[in-house]
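Here the structure comes first, spelled out in structure tokens, and everything after it is commentary.
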Amino acid sequence: MLIDNIFLYEKGTIEEFNRPSSKLYYFFDFDDRSADVNMDFQHFHRFYEIHLLLDKEASHIIEGTLYKQTLFDLVLLPPFKLHKSQYEKGPAVKRLVINFRLPEESHAELAKEQQEILSVFFSPVPIYRFERSIQEQLAAHLNAIFHLLRNSSGVSAKLLQLHLEFQQFLLCIYNN
């Protein structure tokens, strides 16, 4: 299914690469949520989290502050940031959640630049709303990842391809 003619989505597409404690970790969760499954309390993770709203409306509580989200808003959460998503009563809401951890010292020469790209996760208001042309650029990277997740047979170096595409996705957020 194509959301608003740019983002690929299929409910229940879930894929995990490595364990959350690994130096390189990815978890992609394309799913629906409704008010019936609102979290009771804020929580945090030991890894980064991205929440992409693929529907009209939801909310996020981050460190006790309520933020409204609209279609294609990105919530970027660094490790150990208290948060919870919240959905209104009514039909289930489509969203993509990405959890990840990147190796810190994979290339010492690139460590500073990688930290600079990840700095967007530490913004005082960690919700990003981009214009349509940027949304399309971000979608191109996530759609390439979606294709890798859905069409894994015969793909060589799948994790490396996914990692490189995800780095491009992060760089697109950072540059815009």
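Between Phe27 and Phe100, the ring centre distance reaches or exceeds 6.0 Å. Aromatic pair His83/His45: centroids less than 6.0 angstrom apart.
By the ring pair (Phe, Tyr, Trp, His ring centres under 6.0 Å) test, Phe80 is found to be paired with Phe44, residues two or more places apart in sequence or in another chain being considered. Pro20 meets the side chain to side chain contact (heavy atoms under 4.5 Å, CB included) test with Glu16, Tyr25, Phe47; sequence neighbours excluded. Under the rule for a side chain to side chain contact (heavy atoms under 4.5 Å, CB included), Ala140 has no partner lying at least two apart in sequence or in another chain. Tyr9 meets the ring pair (Phe, Tyr, Trp, His ring centres under 6.0 Å) test with no other residue; sequence neighbours excluded. Residues passing the salt bridge (charged side-chain N to carboxylate O under 4.0 Å, His left out) test with Asp55: none are found, sequence neighbours excluded. Thr70 is linked by a side chain to side chain contact (heavy atoms under 4.5 Å, CB included) to Asp73, Arg129, counting only residues two or more places apart in sequence or in another chain. Glu10 is linked by a side chain to side chain contact (heavy atoms under 4.5 Å, CB included) to Thr13, Phe146, Arg150, counting only residues two or more places apart in sequence or in another chain.
Between the OH atom of Tyr87 and the CD atom of Gln69 there is a distance of 7.0 Å, given to the nearest 0.5 Å. Distance check, rounded to the nearest 0.5 Å: CG of Leu54 to CE of Met1 gives 10.5 Å. Here NZ of Lys158 is found 9.0 Å from CG of Asn151. Values are rounded to the nearest 0.5 Å. Between the CG atom of Asp32 and the NZ atom of Lys11 there is a distance of 4.5 Å, given to the nearest 0.5 Å. The distance from atom CD1 of Ile6 to atom CD of Gln135, rounded to the nearest 0.5 Å, is 5.0 Å.
A salt bridge (Lys or Arg N to Asp or Glu O under 4.0 Å) check over residues 132-141, counting only residues at least two apart or in different chains, returns the pairs Asp4-Arg132, Arg132-Glu136. For residues 89-102, the salt bridge (Lys or Arg N to Asp or Glu O under 4.0 Å) pairs, not counting sequence neighbours, are Asp29-Arg95. Among pairs with a residue in residues 159-169, none fulfils salt bridge (Lys or Arg N to Asp or Glu O under 4.0 Å), at least two apart in sequence or across chains.
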Show your working on side-chain contact (heavy atoms from CB on, under 4.5 Å) between Val93 and Glu57 and close with a plain yes or no.
-> CA-CA 8 Å; Val93 173; Glu57 190 175 292; over 6 Å; no

After noting the C-alpha distance and the side-chain angles of Arg33 and Asp31, does the key distance pass the side-chain contact (heavy atoms from CB on, under 4.5 Å) rule?
-> CA-CA 7 Å; Arg33 291 290 187 265; Asp31 209 355; 3.1 Å; yes

Apply side-chain contact (heavy atoms from CB on, under 4.5 Å) to Leu159 and Asn18, showing your working.
-> CA-CA 10 Å; Leu159 181 55; Asn18 299 328; 4.1 Å; yes

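Transitive grouping of hydrophobic side chains (ILVMFWY, heavy atoms separated by less than 4.5 Å) keeps Ile117 and Val75 in distinct clusters. A continuous path of ILVMFWY side-chain contacts below 4.5 Å connects Leu138 to Leu118, so both sit in one hydrophobic cluster. Grouping the Ile, Leu, Val, Met, Phe, Trp and Tyr side chains by contacts below 4.5 angstrom, directly or via other members, places Leu102 apart from Leu164. No single ILVMFWY cluster, assembled from side-chain heavy atoms under 4.5 Å apart, contains both Ile127 and Phe72.
In this structure the side chain of Val97 never reaches within 4.5 angstrom of the side chain of Phe30, judged on heavy atoms. You'll find the side chain of Lys84 stays beyond 4.5 Å of the side chain of His60, heavy atoms only. In this structure the side chain of Leu77 never reaches within 4.5 angstrom of the side chain of Tyr48, judged on heavy atoms. Put simply, the side chain of Ile3 does not reach to within 4.5 Å of the side chain of Leu8, judged on heavy atoms. Here the side chains of Ile98 and Ile145 are not in contact, with every heavy-atom distance at 4.5 Å or above. Residues Leu53 and Leu74 form no side-chain contact, since every pair of their non-hydrogen atoms from C-beta on lies 4.5 Å or further apart.
Among all heavy-atom pairs drawn from Tyr128 and Val120, the shortest one is OH-O, 2.7 Å. Minimum interatomic distance between Pro78 and Phe121 (heavy atoms only, all atoms of both residues): CD-O, 3.1 Å. Smallest separation of non-hydrogen atoms from Ser34 and Ala92: CB-CA, 4.0 Å.
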Could you tabulate the donor-acceptor pairs under 3.5 Å formed by side-chain atoms of residues 61-68, not counting sequence neighbours?
unit_1: Glu63; atom_1: OE2; unit_2: Leu82; atom_2: N; d: 2.9
unit_1: Lys68; atom_1: NZ; unit_2: Ser59; atom_2: OG; d: 3.4

Would you give me the side-chain donor-acceptor pairs under 3.5 Å for residues 167-176, sequence neighbours excluded?
unit_1: Tyr174; atom_1: OH; unit_2: Glu116; atom_2: OE2; d: 2.7
unit_1: Asn175; atom_1: ND2; unit_2: Leu171; atom_2: O; d: 3.3
unit_1: Asn176; atom_1: ND2; unit_2: Cys172; atom_2: O; d: 2.8

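Aromatic ring orientation, Tyr26 versus Phe166: perpendicular (interplanar angle above 60°, classes split at 30° and 60°).
With respect to Leu52, the side chain to side chain contact (heavy atoms under 4.5 Å, CB included) criterion is satisfied by exactly one of Leu76, Leu71, Leu96: Leu96.
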